[in-house]
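First the structure, in the form of structure tokens, and then the observations on it.
Since this is a predicted model, take the numbers as computed values, not measurements.
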Amino acid sequence: MEYDFRRIEKHWQKVWSTQNSYNVEESAEKPKFYALDMFPYPSGAGLHVGHPLGYIASDVIARYKRHCGFNVLHPMGFDSFGLPAEQYAIATGQHPAITTETNITRYREQMKQIGFAFDWSREVRTSDPSYYKWTQWIFGKLFESWYDVEADRAKPLSELENSFSKNGNFSINPACEDEWWKGLEMSLFPHFGENFSGTFTATDWNSMSKQARNAILMHFRLAYLANSEVNWCPELGTVLANDEVKDGLSERGGHPVEKKTMRQWMMRITAYADRLISGLDEVNWTDSIKEAQRNWVGRSEGASVKFSGSSSASNCVVDVFTTRPDTLYGVSFMVLAPEHKLVPNFTSNENEAAVNEYILSASRKSERERQGEKTISGVALGGSVIHPLTGREIPVYISEYVLAGYGTGAIMAVPAGDERDWKFAQHFSIEIPDIFEGYDTNKAVCLDDKAKLKNSGSLDGLEKSAAIPAALNLLEKDGLGERRINYRLRDAVFSRQRYWGEPFPIYYENDIPNLISDVTVSLPTVDAYLPTTDGEPPLARANREDWPVFRGDRMETNTMPGWAGSSWYFLRYMDPHNNNEFCAREKSDYWGQVDLYVGGAEHTTGHLLYSRFWTKFLCDSDQISFDEPFKTMINQGMILGRSNFVYRIQGTEKFVTFEKRKDFKTQRLHVDITLVENDKLDVEGFCKWRTEYSNAEFVLGDDGTYTCGYEVEKMSKSKYNVQTPDELVEKYGADTLRCYEMFLGPLTQSKPWDTQGISGVHNFLRKISRLIESSSDVEPTKAELRIVHQAIDKVTADLNRHAFNTVVSALMIAVNELNDLDTPRSHQALRPLITLLSPYAPHLAEEVWALIGGEGLVIDSVWPKANPAYLVSDDTIYPVSFNGKVRFKLTLPTSMTAPEIEEIILADDRTKKQMNGREIRKVIIVPGRIVNIVG
RNA sequence: GCCCGGAUGGUGGAAUUGGUAGACACGUCAGACUUAAAAUCUGAUGACCGUAAGGUCGUGCGGGUUCAAUUCCCGCUCCGGGUACCA
């Protein structure tokens, strides 16, 4: 009987669905396993072959773990708020919810036909009010929390208020910005003088107005409002990301972009900086992802050093951050970021014009562009500072290589020991103080950590590791500076000027934000999805009566960013229909951390950092009992497309086959890959493809076919090389697609999508189906058992190390070897093989399982154990090498010892022939592996 | 610039801890079956020399360590990804 995958797959999908085979409940009897996939955004284009790659891998593991007796949670849902649906809404007026619904339906159908073991009863959608109700709830929790630096965890805001009312802000250390008080509206605090420096008493606090207290608390909340500079595009009425801005213009439309300060919601992720680093030690992720996160958080230990201004700027103090306080004596200039607030204080009258011009040109560049700039540029301000140790005057420059947002926005330049500073000094002919023994730093920069210092006062003779603590002591002793830890990580902007996102559960009364915690604030109806004419977000179009909930003077009209809903979705899957809690504690205690997360590495510094932050926060708030969301993660590689080309003879409608293209002057054109099979063009189909090709003629190859050229490049519609899984499922079936995507190569490597090899995998499934159909209820032979048990051993080991591709090979080898046997195949021997197959080709596995009388469904069968007795063979084939080169092979009993082997080998005629009279110097024997004779 | 990956036959890849390089599959070639085609099955297939036996070369390039290197070390080239000139 032919392998009828269409009937088989339809049938078993129906069986699983009617039996709810993949629905899962907590169970005390079984250990749990949580397999999670990246949260898909349902775009209009549908699923393409890159998507299922990760889903198949996690499905294989989920099914494998189920065979091993685990209670497996493997859910799927949709990150359904997002820009494309909103843009479609702007263009057509159709509510984004409708577009989203349509796309989700398509995605779900596509995923269902691939036969994933998803528990669809747990599907969640971030745009569903029953879901974002809880996103709002978590936001509310963050709004009403602060971070206690001493206890190193988040705490309820009420504790902070309580402490303020008893002790003011003495003896309490909440995470906040440096000099947080500087941004306060001082008119709210009439009794604080000009010298207010951030400390207040209980009496102060208790006498403050509500507005005043709110203004102070805002600096300590984990979700807070702050002024933040954004790329504002007045034309589009929206804020743009850095990479949406090119040369000061919006990428889309080319409109001018300006910096604008906006009052935005922020997340105090910086409070978690250290824990985001230390937590990495507890997870099983690749080192490169961990390293990227560490670099993103960017913890560096160093010192802040105070430089006083000289002459006209003598009332100024410039605070710099340095990781190399040991090189303090090598400072010969200072560089401020062009945006640094003290720039005017150091600028002399004659330099003013040049300085202003430089500031303007720097401000036009995005941060990215400034960082990528290779040429050295900068301007001397004219003013100088005093070196804190030597008292020398140090000139002050501005340059775009110093960023305002990092450290203090000012550096002390040490040209002798820093590459950039050295180049800068060379460029501007600034003196390079000689501070390293044995190095001529006027010729080249010294980057040797072992170099000993000179001309450095009490630090002379010390190398970096010893000099740093000595320098720190020196600075702290005289109050010239202090130890400091600096982070690159910045607080995350949490407001978006969009419609299709979670509304904030916030209303304003006298401009004080108030939390709405008793009801869900769902999206209001609006007449259009565009910003208002005065640049307010789309939600500002809603009148009071358009809001399902309206309180106070006005509602918050920003919405939350995409990462809000996706930062905690893995928790909602545990308890998706709970209307009283975001996730019941007993459920999150049962399912716990995600045991395997499969997804791309592109989320490293976004989603993966934010979910870790929220998880830690929820753990601090005692909502869940773990503070790292994803225990183990695998990052799948990118799938590239294989494009096909036809060669049009220039100026004609004639197309020449690949082999003969060089005989003509041709244009290479992309051709739709659906018209090509194994690089052979469907000539008729090609003529019908485009009206312009209807009269095409062809110069064919000698075999009468048209061969196309090919190239591997990015999968894209415009290159006609996009493969959706639908066509492949239609043509070969879901099981073939599943096996093939795994067979392609290592999951983590990016690789071309090339369907040429798919027939081999399809053949394998056909062979296995025939093999099992032809088996009978006889006693298994030893040879059969050996083949099957070797497969069990190999497949199990490969799955445990996530080597998905070699599992398919191992099964192919087993099937080929079983086919080669000339004894009848037995049901008993084949059953374990079907279980091994079932994670990869679950439909076919069910079919053949039922055929040879397996009990129940194969998906519930017990994973077989390899019997070691069948794995070892009595004989070992030894490759015998001479000086490392294999010359002949010898079969010897496996049990033979090294001296016995040596005796036999040396007696062998071939050995004598190889040695050709030379003396044997050494014989290396690795029992069970190899023999090497040196001579 | 910096950081992280990667490079193995015509193609995708295998070689798990330094131990037979090229498993498995595609493609190609030859053969069987067939009136023919498809499907299926069998065999060959890294390059070079050789009728063969056999030999030489061969895992991006150049060195090194080792009895033995795709694997470890040093230096480089190219490709991909990330990025923040991070003080």
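- Checked for salt-bridge contact, A:Arg299 and A:Glu301 meet the test: a charged N lies under 4.0 Å from a carboxylate O.
- Considering only heavy atoms from C-beta on, A:Leu328 comes within 4.5 Å of A:Leu475 through its side chain.
- Contact annotation for A:Arg766: backbone-only contact, meaning every heavy-atom pair under 4.0 Å involves sugar-phosphate atoms and none involves a base.
- Inspection of the A:Asn816 and A:Lys767 side chains reveals an N or O donor paired with an N or O acceptor under 3.5 Å.
- For B:A38, there is no paired base (Watson-Crick or G-U wobble, both distances below 3.5 Å).
- For B:U83, the OP1/OP2 oxygens have no side-chain nitrogen or oxygen of A:Arg488 closer than 4.0 Å.
- A:Asn805 has no side-chain polar atom (N or O) that falls below the 4.0 Å cut-off from OP1 or OP2 of B:A25.
- Residue contacts shown for A:Asp421 are absent, as no nucleic acid heavy atom lies under 4.0 Å away.
- Under the 4.0 Å criterion applied to side-chain N and carboxylate O atoms, A:Arg294 and A:Glu291 are assigned as salt-bridge partners.
- Note on A:Thr748: nothing from the nucleic acid sits closer than 4.0 angstrom, heavy atoms only.
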Protein-nucleotides 16-23 of chain B N/O pairs under 3.5 Å:
residue	atom	partner	partner atom	Å
B:U16	O4	A:Lys794	NZ	2.7
B:U20	O2	A:Lys889	NZ	2.9

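- Nucleotide B:U77 has B:A7 as its partner under the Watson-Crick or G-U criteria, with both atom distances under 3.5 Å.
- Following rounding to the nearest Å, A:His762 (NE2) and B:G12 (P) show an atom-to-atom distance of 24 Å.
- Checking B:G1 for Watson-Crick or G-U wobble geometry (two distances, each under 3.5 Å) identifies B:U83 as its partner.
- B:G5 atom C1' lies 9 Å from atom CD of A:Gln749, rounded to whole Å.
- Put simply, CZ on A:Phe882 is 13 Å from P on B:U56, counting in whole angstrom units.
- Side-chain contact between A:Leu811 and A:Phe764 is present, with at least one heavy-atom pair separated by less than 4.5 Å.
- Base contact: A:Val402 has a heavy atom under 4.0 Å from a base atom.
- By the 6.0 Å and 45° rule, A:Arg887 does not stack over the aromatic ring of A:Phe882.
- Base orientation of B:G81: anti, since the glycosidic angle falls outside 90° of 0.
- Base pairing annotation: B:A69 forms no Watson-Crick or G-U wobble pair, as no partner gives both donor-acceptor distances under 3.5 Å.
- With a cut-off of 3.5 Å on both pairing distances, B:C33 has no Watson-Crick or G-U wobble partner at all.
- Nucleotide B:A15: unpaired (no Watson-Crick or G-U wobble partner with both distances less than 3.5 Å).
- Pair assignment for B:U20 gives none, since no Watson-Crick or G-U wobble pairing has each distance under 3.5 Å.
- Atom CZ of A:Phe804 and atom P of B:A14 are 14 Å apart (whole Å).
- Of the candidate nucleotides B:C86, B:U56, B:C26, B:C86 has the atom nearest to the side chain of A:Arg420.
- If you take CD of A:Gln293 and P of B:G81, they are 21 Å apart, rounded to a whole angstrom.
- Atom P of nucleotide B:A38 and atom CG of A:Asn763 are separated by 15 Å, given to the nearest angstrom.
- Residues A:Thr408 and A:Asp319 have side chains that never bring a donor and an acceptor to within less than 3.5 angstrom of each other.
- Atom CD of A:Gln426 has more than 12 heavy atoms from other residues, nucleotides or ligands within 6.0 Å.
- Put simply, CG on A:Leu744 is 15 Å from C1' on B:A14, counting in whole angstrom units.
- Atom-to-atom, CZ of A:Arg299 to P of B:A87 comes out at 13 Å; the value is rounded to the nearest Å.
- Using N1 to N3 plus N6-O4 or O6-N4 for Watson-Crick, or N1-O2 and O6-N3 for G-U wobble, each under 3.5 Å, B:A53 pairs with nothing.
- With contacts defined as side-chain heavy-atom distances shorter than 4.5 Å, the pair A:Tyr397/A:Phe424 qualifies.
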